[in-house]
Amino acid sequence: MRILIIEDEPKIALSLVQGFEAEHFSADLAEDGEKGLQLATDIHYDGIVLDWNLPRLDGLSLLRKLRQAGSSTRVLILSGRREVADRVAGLQAGADDYLVKPFSFQELLARMQTLLRRAQETSETLTVADLVLDPQRHTVERAGKPIKLSQREYALLEYLMRNAGRTVTRTMVVEHVWNLWFDGLTSVVDVYISYLRAKIDQGFSQPLIHTTRGVGFMLSADPKNEKTEKNGKNEK
Ligand code: CA
């Protein structure tokens with residue numbers, strides 16, 4: 001696994017490089033945003049640890065450019081900013097996770113490993129009614145018509161489809177799609193659900209995305225017939 005660390009504070013940068021190398025990752029370091037963007041564009045990394053405040057190019061601008069260029073590399077933002085609005089800004093820029101400084105390396109490592117594991121989950125095509133998602137090709141079609149989704153919309157739809165016929169709560173979505181568990185962020189879920197509805201359901205007679213009042217959301221062709229844990233795949 002190859003990790004890129006974009007961090008300008010020498011002490012933190014060194015401890016991150018040493019920490020990841022001790023865990024048998026190969027770790028590269030960029031000390032400013034421009035160099036970070038260049039490396040992230042030229043080399044395929046499995047994950048990126050990205051400081052927000054950086055010389056030359058700040059972390060969020062870097063991340064936006066990276067996502068605009070089509071990169072789906074898992075990115076964890078490190079920042080001293082702990083406000084909800086900052087976390088939301090980080091996630092909206094395309095981050096997969098957000099960790100506030102000061103942090104423990106063990107926590108950062110655990111979170112990065114979770115992100116990388118999720119990225120590796122290979123799988124077969126997902127189908128609900130006439131909606132088809134192909135995780136290999138990263139494509140979505142409804143009734144044979146290709147639908148263009150942002151990286152985050154795609155991740156949300158994939159999660160809903162993996163849990164088709166079952167209600168998922170906002171907290172579950174935040175935890176699985178953003179790898180965060182934090183009440184203040186659940187309003188972001190509603191925003192992304194509305195984006196998805198506009199792309200997936202608008203213009204089709206059968207809506208697939210449903211709101212379970214007071215609980216969350218469900219993707220289903222037959223919403224009256226919700227799966228329960230008893231007949232669901234979660235049963236042990
Ligand atoms: Ca910094």
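Given the structure is predicted, the values throughout are model-derived calculations rather than measurements. When a ligand or atom number is given, it counts from 1 through the structure's own listing order.
Coordination check, Glu7 versus the Ca ion (ligand 1): failed, since every N/O/S atom of the residue sits at 3.0 Å or beyond.
The name of the N, O or S atom in Asp51 nearest to the Ca ion (ligand 1) is OD2. For Asp8, the N, O or S atom with the smallest separation from the Ca ion (ligand 1) is OD1.
Interatomic distance, Asp46 CG to Thr73 OG1, rounded to the nearest 0.5 Å: 7.5 Å. Here the CD atom belonging to Glu226 is positioned 10.5 Å from the NE2 atom belonging to His210, to the nearest 0.5 angstrom.
Ring geometry for Trp52 versus Tyr98: interplanar angle over 60°, hence perpendicular rather than tilted (30 to 60°).
Geometrically, Arg142 engages Phe204 in a cation-pi contact, judged by NZ or CZ lying under 6.0 Å from the ring centre and within 45° of the ring axis.
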